[in-house]
*Asks:* 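First the structure, which I've put down as structure tokens, then a few questions once you've had a look.
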Amino acid sequence: MAARQYQRIAAAVLGAAASTAALAAGQITFVSQGGAWQEAQTQGILEPAAKQLGITIRQDSAPDAWPMIKTQGETGKPVWDVVDTPTVNCLRGGKAGLIETLDYGKLPNAKPMPAAYKSPYSVAYEFYSSVLAYSKDTYKTNPPSTWADFWDVKKYPGHRSLRNHPLATLEAALMADGVAPDKLYPLDVDRAFRKLEEIKPYITVWWTSGGQSAQLLHDGEVDMIMAWNGRVSDLIKSGANVAYTYNQGVLQSTHLCILKNSPNLETAHAFVNAAISPELQANIPLSIDYGPGNPEAFKTGKIPAARTQELPSAPENAARQALMAYEWWTSPEGEAAEKRWLAFMQSK
Amino acid sequence: MQACAPTPPPATPSRRHARREDRLMLALAAPAALVVLLLLVLPMAWLFAQSFYDGGFTLQHYRRIFTERIYFDTFALTFRISVATTLLALLLGYPVAYAAARLPQRWRLVVLGLVLVPFWTSVLVRAYAWLILLQRTGVVNKGLQAAGLIDSPLPLVHNELGTMIGTLHILLPFMILPLYATMQKIPHDLLMAGSSLGGSPAHVFRRVFLPLSLPGIVAGCTMVFVLCLGFYITPELLGGGKTIMVSMVVSRNVELYNQWGAASAVSVVLLACVFAIFALIGRFLPLERVVAPR
């Protein structure tokens with residue numbers, strides 16, 4: 001009897017040990033950018049994914065993940081596992097050996113996604129767009145609808161604002177100069193900067209944060225702006241008399257990537273696969289103005305047709321926009337263009 | 001032989017006491033010194049080492065700073081804004097500190113309170129507040145237009161002017177407080193003596209008060225100038241993206257180049273400039289008096 005009891009205790013101890021091991025394996029640290037976007041994901045993606053996979057997801061947030069990715073990658077003992085970050089960070093980190101190469105064999109949900117939405121190191125998670133937005137008070141009839149209009153200071157007088165960053169801004173300049181949205185890459189950098197010099201005197205503010213861009217348009221400080229679609233639609237919801245168009249917008253994304261030497265590589269892959277599943281992806285636009293990274297989400301029937309129309313990555317809207325080529329931006333030419341930006345901003 | 005050996009001076013009780021006190025003081029300073037060493041000196045040494053590193057020893061980060069025009073322009077702009085802000089802060093801060101030092105106790109508290117309240121408000125909040133006041137559709141422009149003083153809004157913000165207004169507002173207390181501390185300790189008797197010897201108020205101020213307040217002026221100017229050199233949020237928000245100061249280049253270099261070295265080198269050059277300025281000031285005034293005006 002005593003022996004049997006020992007056996008039972010031993011089994012219980014072993015079982016407990018095994019389940020802690022499983023628990024330890026079934027745990028990842030997920031990092032996003034904080035704010036409303038992280039809240040939306042918690043409900044729409046993280047909690048359902050944790051339940052589905054039986055894992056624990058710890059969260060962290062970093063508005064600018066790059067310095068952390070770099071530091072953690074260099075120590076070789078990352079604290080983070082999966083990061084949702086602008087695609088440029090994933091590719092740049094991948095090339096610098098800070099990000100794991102994804103094992104697509106473990107990501108069946110990525111299979112139907114377009115090749116342009118995937119990279120060796122990362123997979124599209126959500127889409128947003130840099131769009132042309134304007135004040136409806138200033139432009140009542142015949143509002144600006146192309147970047148050529150934005151550059152046309154005679155036909156559309158008014159104060160203007162662009163982002164203080166080359167990404168999407170160089171694309172807009174080239175479209176203003178007549179380059180078709182699907183023929184942008186590789187960017188003609190000289191031509192883009194020449195075109196930007198033209199509009200520079202008319203730019204009141206080069207904005208740095210999304211909040212700032214919304215404030216500028218809301219307060220009437222500028223009449224026309226290139227801004228992120230979610231910021232503008234928030235203004236519209238709050239009653240501001242502004243509008244935007246997806247025409248010639250620049251479709252941008254954040255991708256999911258896994259830090260190099262992640263101690264939970266298996267679980268991290270399982271999580272990424274769940275997070276890009278059409279079912280969970282369809283939850284994104286139900287609570288925030290971002291489009292799903294996986295277009296299959298539009299086929300689940302979860303997103304109402306009226307809602308689809310408003311989303312940057314809806315097939316109809318995506319077709320009118322330029323898809324940002326992050327591969328080009330992380331190439332030596334792209335990095336040189338980025339370095340040139342500061343000199344452009346500072347020259348009088 | 002024994003006579004040749006230097007005999008140690010007899011340790012008098014007072015000297016032994018002094019030595020013990022020295023040791024005690026060292027022990028008391030040790031925790032603070034340790035914190036400074038761990039959190040300031042070591043990271044700075046690391047920063048310094050990084051600025052020469054790119055997979056191996058390199059001078060390329062410094063070469064870039066000394067050959068690319070944007071770095072020179074950025075440093076020039078930063079120093080110009082810092083000098084102008086410091087002078088304006090002195091011009092605005094001196095009378096306030098003077099008033100606070102000469103006023104009766106009750107009013108003194110009111111003045112110092114007014115100086116300190118904005119000091120406790122976040123830098124970010126104050127930058128946005130200035131935006132609301134100064135922008136095209138802001139309170140100032142709307143008010144001036146309503147009063148018929150101007151036809152079209154003045155460009156008060158999203159430029160160097162806006163940056164300076166915001167920076168000046170944030171740094172004013174750093175000018176006023178050291179000035180006040182110095183002025184408060186100037187004995188009133190000296191001024192009375194000056195007057196009784198026939199000096200006009202202006203003369204007494206110039207020959208007695210102003211020289212005695214000099215340590216406060218140097219302390220205030222040094223603080224404002226050095227803090228201004230490293231300003232980040234205010235020029236970022238009020239400069240319209242066109243006013244690029246050194247700290248912004250440091251931050252952008254972290255993004256642009258794949259190593260810390262590029263950003264570290266810029267910080268090291270800025271730090272060297274600050275040290276050079278301190279050395280220069282030290283030639284005119286002993287640094288002790290600048291740091292702790294008596």
Side-chain angles (χ1 to χ4, degrees), chain A residues 64-71 73-74 86 88-89 92-93 95-98 135 137 158-167 169 200-201 203-209 211-213 215-223 330 332 334-348, chain B residues 46 50 53 55 64 68-78 124 127-128 131-139 141-142 152-153 155-160 162 232-233 235-246 248-263 266:
Chain A
D64 181 8
W66 175 248
M68 287 295 281
I69 292 176
K70 187 157 168 48
T71 318
E74 280 167 356
V88 107
N89 290 342
R92 201 197 241 185
K95 289 175 186 179
L98 306 165
S135 154
D137 289 330
H159 292 258
R160 289 155 159 80
S161 177
L162 286 171
R163 186 180 173 206
N164 187 0
H165 204 283
L167 258 81
T169 316
K200 199 177 174 192
I203 302 293
T204 312
V205 187
W206 298 86
W207 60 265
T208 23
S209 76
Q212 188 191 6
S213 70
Q215 177 264 336
L216 289 166
L217 190 60
H218 177 266
D219 291 359
E221 188 66 5
V222 299
D223 307 295
T330 50
E335 297 204 331
E338 218 179 315
K339 283 165 193 163
R340 195 167 151 182
W341 182 260
L342 209 58
F344 162 74
M345 285 305 295
Q346 214 185 39
S347 64
K348 288 285 177 293
Chain B
W46 182 81
Q50 285 286 314
Y53 183 79
R64 189 161 52 227
E68 283 183 26
R69 182 151 180 99
I70 56 155
Y71 291 97
F72 178 80
D73 288 346
T74 305
F75 274 94
L77 177 84
T78 307
L124 194 65
Y128 274 111
L131 214 54
I132 291 165
L133 287 174
L134 297 177
Q135 64 186 358
R136 218 155 50 88
T137 53
V139 179
N141 269 318
K142 282 270 181 250
S152 55
L156 298 174
V157 73
H158 302 309
N159 49 27
E160 243 178 88
Y232 179 69
I233 294 173
E236 186 89 54
L237 278 175
L238 301 178
K242 291 166 273 188
T243 316
I244 303 168
M245 289 179 71
V246 173
M248 291 148 87
V249 173
V250 171
S251 134
R252 221 128 296 163
N253 272 12
V254 177
E255 292 169 36
L256 282 179
Y257 299 92
N258 265 337
Q259 1 73 355
W260 302 119
V266 181

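This one's a predicted model, so the numbers in the text were calculated from it and none came from an experiment. In what follows, every chain begins at residue 1, and chains take the letters A, B, ... in the order their sequences are listed.
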*Asks:* Report yes or no: does B:Thr78 contribute a side-chain atom to a donor-acceptor pair with the main-chain N or O of B:Val246 at less than 3.5 Å?
*Replies:* yes

*Asks:* Using non-hydrogen atoms and a 4.5 Å limit, figure out which bit of A:Val88 sits close to chain B: side chain, backbone, both or neither.
*Replies:* neither

*Asks:* B:Val157 and B:Leu131: which non-hydrogen atoms are nearest, and at how many Å?
*Replies:* CG2-CD1, 3.9 Å

*Asks:* Could you grab the distance from atom CD of A:Gln212 to atom NE2 of B:His158, nearest 0.5 Å is fine?
*Replies:* 7.0 Å

*Asks:* Let me know if A:Ser209 has heavy atoms under 4.5 Å from chain B in its side chain, its backbone, both or neither.
*Replies:* side chain

*Asks:* Can you tell me if NE2 on A:His218 sees more than 12 non-hydrogen neighbours from other groups inside 6.0 Å?
*Replies:* no

*Asks:* Is B:Leu77 in contact with chain A via its backbone, its side chain, both, or neither, using a 4.5 Å heavy-atom distance?
*Replies:* neither

*Asks:* Under 4.5 Å heavy-atom distance to chain B, tell me which part of A:Ile203 shows up: side chain, backbone, both or neither.
*Replies:* backbone

*Asks:* Under a 4.5 Å heavy-atom cut-off, does chain A meet the side chain of B:Thr74, its backbone, both or neither?
*Replies:* both

*Asks:* Give the member of B:Pro153, B:Gly241, B:Gly138, B:Pro155 that has the highest number of heavy-atom pairs under 4.5 Å with chain A.
*Replies:* B:Gly241

*Asks:* Just so I understand: if I count every heavy-atom pair under 4.5 Å between each of B:Glu68, B:Lys242, B:Arg69, B:Arg136 and chain A, which residue has the most?
*Replies:* B:Arg136

*Asks:* As an exercise: rank A:Lys339, A:Glu338, A:Gln215 by heavy-atom pairs under 4.5 Å with chain B and give me the winner.
*Replies:* A:Lys339

*Asks:* Kindly give the heavy-atom pair with the smallest separation between A:Lys200 and A:Phe344, and that separation in Å.
*Replies:* NZ-O, 2.7 Å

*Asks:* Could you grab the distance from atom CZ of B:Arg252 to atom OG1 of A:Thr208, nearest 0.5 Å is fine?
*Replies:* 7.0 Å

